[in-house]
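Presented below is the structure to which this report refers.
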Amino acid sequence: MSPPTSPRLVAGVDSSTQSCKVVVHDADTGAVVRHGSARHPDGTAVHPDRWWDALQEAAAAAGGLDDVAALAVGGQQHGMVCLDDAGEVVRDALLWNDTRSAAAADALVAELPGGAAGWAEAVGTVPVGAITATKLRWLAEHEPANADRVAAVCLPHDWLTWRLLGSGALDDLVTDRGDASGTGYWSTPRGEYRTDLLELAFGRAPHVPRVLAPDGTAGTTPGGALLGAGTGDNAGAAIGLGAAAGDVVVSIGTSGVVSAVSDRPTADPSGIVAGFADATGRYLPLACTLNAARVLSSVARMLGVELGALADLALAAPSGADGLVLVPYLEGERTPNRPDSAAAVHGLELGNTTPSHLARAAVEGLLCGLADGLDALVEQGSEVRRVLLVGGGAQSVAVRRIAPALLGAPVTVPEPAEYVARGAARQAAWVLAGDDAPPEWTRAGDATFEAEAAPSVRSRYAEVRDLTARRLGD
Ligand SMILES: Nc1ncnc2c1ncn2[C@@H]1O[C@H](COP(=O)(O)OP(=O)(O)O)[C@@H](O)[C@H]1O
Ligand SMILES: O=C(CO)[C@@H](O)[C@H](O)COP(=O)(O)O
């Protein structure tokens, strides 16, 4: 009898806003073999070395990567990583949720002929403070000495892939179409860089990463593992979930995201739907809010309870919280574009001033913002057969139960797993196999939630969502 053979292993990395997760999978079946994670620092400007440190810590916690045949990195989108001509980081990266470039975004929208519609046609997305191009404009205007040092600009997953490659040569920087499509200077409909828009934003065109095909390889790590192209975290989640036509993915992490894979690019001049690309050669129209899981943790802190108790409180109040509405713009907001707004509570009456009502209003406010994004996605042509709910916030039983009523569709909660890391690992397995399509990895353990639609909760939220105070900032 021949001895049992060990499975071939692949790893996926999710370098997200709050943490880094490393998951090692069986390349053939997708089964999780081992995993580890490490925290990222708080804040919206972070030195990329901290992501590298967290990746090392998470990989060690996952039992190391020495026996892994291939790996790929999924990462938070849009963050501006600037390198000088020696490959040194010029300044802390400005993350997707850093809103200091909101005025630069307005200026860039005004400067392109056609304004918002012109940008939507050109690259698929109307720039807001999240988009990399606006951060470059901010840098050029506010830190000219740093701007002068910039030889190359890339994104978090590009930089980590480059560090894993280890050559240190700027020419070895690579990205993929999923993450490139969030820069504001790569055209989703045309599949190529718009160097003219990079120059418009920054005044000149620094070196940018080569865009690999979805099954392309960045090379080999010094340890001998094949490196996949990697992608942005939302494209990573879509491939990790195996999202198909009619599936809408709602992710409640640091950001709130509603996205759907599509065979055609979108161009939404309202700016609500960002016309991104996915990690398989298709498209990923997406609406992203700045305020998601942290709405729940913040309100839990206000009420002095844990997240589980917050969910119980929310479920103890009636639908609509007897008129209490929480508009959750704790960090300003991106969709809708309200970078200067603070959060608000409306509709206080003697009868609804209980912890339970506030907890309910927090869950409903968070979900109403995502439901607005879902409506916009449908207007852009996405079909909704079911909603797949993922991210840390999907662990909340209140979110699971209330989401179908506000999103207007059955909500499927896949078995808790790191779907971004799984997507990156599936991409790595695809590169390793050299096949035409990613390997078939099956998922088990979906739970489905249904509820009667609650249009009155949506309309009460819509009445007050623009009634907010100005944000004083941090
Ligand atoms: N049971 C829960 N209820 C509500 N929020 C939760 C729960 N479990 C985790 N979270 C939140 O999920 C967030 C982390 O989710 P994750 O998807 O990993 O975020 P990110 O990818 O942005 O780092 C944290 O803000 C955490 O508080
Ligand atoms: O900016 C976007 C999408 O456009 C965010 O979704 C970021 O990609 C960060 O994601 P999380 O850390 O919340 O997963």
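In this chain, residues are counted from 1 in sequence order. Keep in mind it's a predicted model, so treat the numbers as computed, not measured. Ligands are counted one by one from 1 in listed order, and the atoms in each one are counted from 1 as well. For the numbers below, each heavy atom of this structure counts, side chains included, while hydrogens, waters and symmetry mates do not.
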Tyr193 and Tyr185 aromatic ring geometry - parallel, tilted or perpendicular at 30°/60° bounds: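 Answer is parallel, since the angle falls under 30°.
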
Plane angle bin for Trp52 and Trp159 - parallel if under 30°, tilted between 30 and 60°, otherwise perpendicular: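 The arrangement is perpendicular - the two ring planes meet at more than 60°.
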
Please tabulate, for the side chains in residues 228-251, all donor-acceptor contacts under 3.5 angstrom to protein atoms that are two or more places apart in sequence or on a different chain.
from, atom 1, to, atom 2, distance (Å)
Thr231, OG1, Asp176, OD1, 3.3
Thr231, OG1, Asp176, OD2, 2.8
Asn234, ND2, Gln77, OE1, 2.8
Asp247, OD1, Arg386, NE, 2.7
Asp247, OD1, Arg386, NH2, 3.4
Asp247, OD2, Ala244, N, 2.9
Asp247, OD2, Arg386, NH2, 3.4

Assess the side chains of [X] and [Y]: does a donor N or O sit below 3.5 Å from an acceptor N or O?
{"X": "Asp278", "Y": "Thr280", "value": "yes"}
{"X": "Ser101", "Y": "Thr134", "value": "yes"}
{"X": "Asp268", "Y": "Ser270", "value": "yes"}

Nearest-0.5 Å distance that lies between atom CG in Asn337 and atom CD1 in Ile272: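 So the gap between those two atoms works out to 10.0 Å.
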
Spacing of OH belonging to Tyr419 relative to CG belonging to Leu388, to within rounding of 0.5 Å: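 The distance works out to 9.0 Å.
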
Residues lining ligand 2 [heavy-atom distance under 4.0 Å, listed by chain and residue number]: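 Correct list: Ser16, Thr17, Gln76, Gln77, His78, Trp96, Asp233, Asn234, Thr254, Ser255, Val257, Phe276, Leu286, Cys288, Arg334.
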
Results of ring-ring contact (aromatic ring centres under 6.0 Å, His included) for Tyr461 - residues two or more places apart only: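 If we apply the ring-ring contact (aromatic ring centres under 6.0 Å, His included) test to Tyr461, skipping adjacent residues, there are no hits.
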
Within the 4.0 Å heavy-atom sphere of ligand 1, strictly under, residues: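 The answer is Ser16, Thr17, Gln18, Lys21, Gly253, Thr254, Ala293, Leu296, Leu307, Gly391, Gly392, Gly393, Gln395, Ser396, counting any residue whose heavy atom sits under 4.0 Å from ligand 1.
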
